[in-house]
Participant: 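I'd like to ask you about the structure that follows.
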Amino acid sequence: QVQLVESGGGLVQAGGSLRLSCAASGSTFSINAMGWYRQAPGKQRELVAAITRGGSTNYAESVKGRFTISSGNAKNTVNLQMTNLKPEDTAVYYCNAKATRAGELMGPTYDYWGQGTQATVSS
């Protein structure tokens with residue numbers, strides 16, 4: 001019942017910046033954390049950055065100091081500001097939300113995924 005819509009991908013030269021945005025809607029779930037994963041051709045999907053309901057953040061070592069995840073102004077939105085991009089950052093970026101059923105805050109956590117947005121960094 002959670003739908004995630006991503007935007008902000010594109011083509012950029014090395015050293016440039018991109019800003020990704022994600023919005024969750026249409027659910028009766030409580031979002032506990034949101035984040036971004038990415039998958040490059042021939043590689044495993046990996047966590048890029050995540051932010052919890054309380055504002056705690058976590059980053060992959062490869063993006064620390066370059067990427068910043070933040071909550072958006074609207075409820076259940078998240079942004080990923082990517083700077084100093086490198087060709088190895090090229091991937092499909094997927095928004096992720098971890099949620100529990102509204103009214104069942106101690107129940108199981110469910111994962112929801114966006115369709116993905118392509119970010120390509122040229123050298």
Side-chain angles (χ1 to χ4, degrees):
Q1 290 186 295
V2 176
Q3 292 183 325
L4 302 176
V5 179
E6 303 135 323
S7 63
L11 176 64
V12 66
Q13 290 186 327
S17 300
L18 286 172
R19 184 178 178 87
L20 307 182
S21 299
C22 177
S25 63
S27 78
T28 57
F29 283 72
S30 296
I31 306 296
N32 301 316
M34 296 184 70
W36 291 92
Y37 290 70
R38 69 185 181 187
Q39 187 166 22
K43 296 184 179 180
Q44 300 284 91
R45 184 175 297 189
E46 64 174 346
L47 173 68
V48 178
I51 185 167
T52 69
R53 194 171 190 170
S56 178
T57 59
N58 187 36
Y59 297 91
E61 286 294 327
S62 60
V63 307
K64 285 183 177 178
R66 300 189 298 120
F67 293 9
T68 302
I69 191 168
S70 61
S71 298
N73 292 329
K75 186 178 181 180
N76 295 327
T77 60
V78 66
N79 301 312
L80 183 68
Q81 181 66 49
M82 305 189 294
T83 62
N84 192 24
L85 285 162
K86 304 175 181 179
E88 49 263 45
D89 295 319
T90 296
V92 177
Y93 285 74
Y94 296 91
C95 183
N96 168 262
K98 298 186 183 298
T100 53
R101 188 78 169 87
E104 299 180 5
L105 299 181
M106 298 181 68
T109 297
Y110 301 91
D111 276 284
Y112 294 89
W113 297 90
Q115 294 181 358
T117 184
Q118 177 71 46
T120 302
V121 184
S122 62
S123 60

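Since this is a predicted model, take the numbers as computed values, not measurements.
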Participant: For atom CD of Gln13, is the number of surrounding heavy atoms from other residues, nucleotides or ligands below 6.0 Å larger than 12?
Facilitator: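 Incorrect, the count does not exceed 12.
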
Participant: Taking C-beta and beyond as the side chain, do Asp89 and Arg66 meet within less than 4.5 Å on heavy atoms?
Facilitator: yes

Participant: How about Leu11 and Gln118: do any of their side-chain heavy atoms sit closer than 4.5 Å?
Facilitator: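 Of all side-chain heavy-atom pairs linking Gln118 with Leu11, none is under 4.5 Å.
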
Participant: Considering non-hydrogen atoms only, spot the tightest contact between Trp36 and Cys22 and give its length.
Facilitator: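 Scanning both residues, the minimum pair turns out to be CZ2-CB, 3.6 Å.
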
Participant: Looking only at non-hydrogen atoms, find the nearest pair between Gly8 and Leu18 and report the distance.
Facilitator: O-CD2, 3.9 Å

Participant: Do the non-hydrogen side-chain atoms of Thr28 and Arg101 ever get within less than 4.5 Å of each other?
Facilitator: yes

Participant: Determine all donor-acceptor pairs shorter than 3.5 Å in which one atom belongs to a side chain in residues 67-75; sequence neighbours excluded.
Facilitator:
none

Participant: Where the side chain of Glu6 meets the backbone of Gln115, is there a donor-acceptor pair that is under 3.5 Å apart?
Facilitator: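 Here the side-chain-to-backbone pair exists.
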
Participant: Nearest 0.5 angstrom please: Glu104 CD to Phe29 CZ, how far?
Facilitator: 8.5 Å

Participant: Once rounded to the nearest 0.5 Å, what's the spacing between atom CD1 of Ile31 and atom OG1 of Thr52?
Facilitator: 13.0 Å

Participant: Would you indicate whether the side-chain heavy atoms of Leu4 and Met34 approach each other to under 4.5 Å?
Facilitator: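 Side chain of Met34 against side chain of Leu4, heavy atoms only: contact under 4.5 Å found.
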
Participant: Can you tell if the side chain of Arg45 reaches within under 4.5 Å of the side chain of Asn96, non-hydrogen atoms only?
Facilitator: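 No; the side chains remain at least 4.5 Å from each other.
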
Participant: Considering only Ile, Leu, Val, Met, Phe, Trp and Tyr, and joining two whenever side-chain heavy atoms are under 4.5 Å apart, list the other residues clustered with Trp113.
Facilitator: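 Besides Trp113, the cluster holds Tyr37, Leu47, Val92, Tyr94.
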
Participant: Does OH in Tyr110 sit with more than 12 non-hydrogen atoms of other residues, nucleotides or ligands closer than 6.0 Å?
Facilitator: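 No - once you tally the heavy atoms of other residues, nucleotides and ligands closer than 6.0 Å, there are 12 at most.
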
Participant: Where the side chain of Thr90 meets the backbone of Val121, is there a donor-acceptor pair that is under 3.5 Å apart?
Facilitator: yes

Participant: How close do Leu80 and Ala49 get, counting heavy atoms only, and between which atoms?
Facilitator: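 So the two residues come closest at CD1-CB, 4.0 Å.
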
Participant: Is there a path from Tyr93 to Val2 through hydrophobic residues (I, L, V, M, F, W, Y) whose side chains come within less than 4.5 Å of each other?
Facilitator: yes

Participant: Under 4.5 Å between any side-chain heavy atoms of Arg53 and Ser30, yes or no?
Facilitator: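 They are in side-chain contact.
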
Participant: Step by step, would you call Ser25 with Val5 a side chain to side chain contact (heavy atoms under 4.5 Å, CB included)?
Facilitator: CA-CA 8 Å; Ser25 63; Val5 179; 5.5 Å; no

Participant: Give the minimum heavy-atom separation between Ala91 and Ala40, together with the two atoms involved.
Facilitator: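 In this case the closest contact between Ala91 and Ala40 is CB-N, 3.8 Å.
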
